[in-house]
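Data block below; observations after.
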Amino acid sequence: MKKKNAFTLAEVLITLGVIGIVAAITLPVLNQAINKKVRAEQIRTVKYKFTKATEKMAYLGLIGPYDSTAAFVAELQKHLKIAKVCTSSNLRSCWPYDKITLLDGKEYEVEKLQTGKQFQMKNSDSADYSSPNVGIITADGTPMILSYNTKCEALDPMKTYGWTTEDNKPVSNATSNCIAAVFEINGSKKPNKQNEDVALFNANGLGSNCAIELDNGKCFTAAFTPTPMTKAECEAQKSELGIKECYYEQDYWAGAVKQCGGVGNMPKMADLAKIASAIYKGNPTVGGNQNNYNLTYESGTATSLGLPEPSFWLWSGEESSNYIAINRGFNPTFTYYNYDYRDSARQAICLGD
């Protein structure tokens, strides 16, 4: 008689137990990755829809200048479906909760977001964000708080502006650069946290514009990813911004310079070295053309200063003799400076008030 092969009950239970353990370990990581991807797509979609509206305005010669954020929003309403508009004295009516959790864990009241200064935007010869902010809720339910640069220059209605992309999908272009904004993608559900469900658009941060304080008395804004400038935009503004030369169609360094209001409002390499000293412990060793810090980094220290957790890079306001921008990399065990061709997305910080 032929013997039948089969699993015993014990073997089945052991197999199911192993599957359960593996699932318990992998599912949370998988869910986290999926949620992060979904959030990124929601953020991209909001920026894209807003920019499509400003692109239409640019085509009609209606980008600006306007004398206030309210005047800009009055025109924006004709090109972007908006369900509700709130003045600076009533921003909470266009926002789903009272307080936003900042990068350092502190809470910031939404009603304090009165002008672009609270977006850490500096006023300069080419920028003025002092007009009262305006809150809106778009037709699809997205709450936004906007600050318009009243010195924004009119754009050429005959020109086509290139788009930045994420995962090969369009995000925004230069037609939206006149506006700094914060928006929400998760309603009143927590964590209500900056860079998670609270997103910045052309803004440098939230709250105080002195997120990083150095022992030489200088302070800087929280880190942000700059919106790149095209070569034509760079050429048109390089003199007033202090840029030596323009080379690239997607120039992130030039974009950082513009958002800071000029190279004089960006950190020097010596400032970035002091930032490194503030977040690492130990003594640096210098070798070759790099400042190598074989140091100890404590998790959370960079975040408490409004900086990303290592690894990250920060632009300086300096250019080498061949007009390559200089920047510093911050890694878990060392930092070093580098020369960059200005065509990759580094983080940036600006001088605070």
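The pair Glu245-Lys238 meets the salt-bridge criterion, with a side-chain N (NZ, NE, NH1 or NH2) lying under 4.0 Å from an Asp/Glu carboxylate O. For Glu41 and Lys169, the salt-bridge test passes: some basic side-chain N is under 4.0 Å from an acidic carboxylate O. Between Lys49 and Asp140 a salt bridge is recorded (basic side-chain N to carboxylate O distance below 4.0 Å). Between Asp98 and Arg92, at least one side-chain N (NZ, or NE/NH1/NH2) sits under 4.0 Å from a carboxylate O, which counts as a salt bridge.
With rounding to the nearest 0.5 angstrom, the CD atom of Glu107 is 11.5 Å from the NZ atom of Lys193. Atom CE in Met144 sits 6.0 Å away from atom CZ in Phe183 (nearest 0.5 Å).
Side-chain atoms of Val263 and Glu318, non-hydrogen and from C-beta on, never get closer than 4.5 Å to each other. You'll find the side chain of Thr51 reaches within 4.5 Å of the side chain of Asn173, heavy atoms only.
The aromatic ring centroids of Tyr148 and Tyr66 lie less than 6.0 Å from each other. Centroid-to-centroid, the aromatic rings of Tyr336 and Trp313 come within less than 6.0 Å. Taking the six-membered ring for Trp, Trp315 and Tyr252 have ring centres at least 6.0 Å apart.
Between the side chain of Thr101 and the backbone N or O of Gly105, no donor-acceptor pair lies under 3.5 Å. In this structure, Asp271 contributes its side chain and Ile275 its backbone to no donor-acceptor pair below 3.5 Å.
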(request) Using the side chain to side chain donor-acceptor pair (under 3.5 Å) rule, take Trp163 and Gln250 through it: C-alpha gap first, then chi angles, then the decisive distance, then the call. (result) CA-CA 9 Å; Trp163 287 75; Gln250 294 291 298; over 6 Å; no
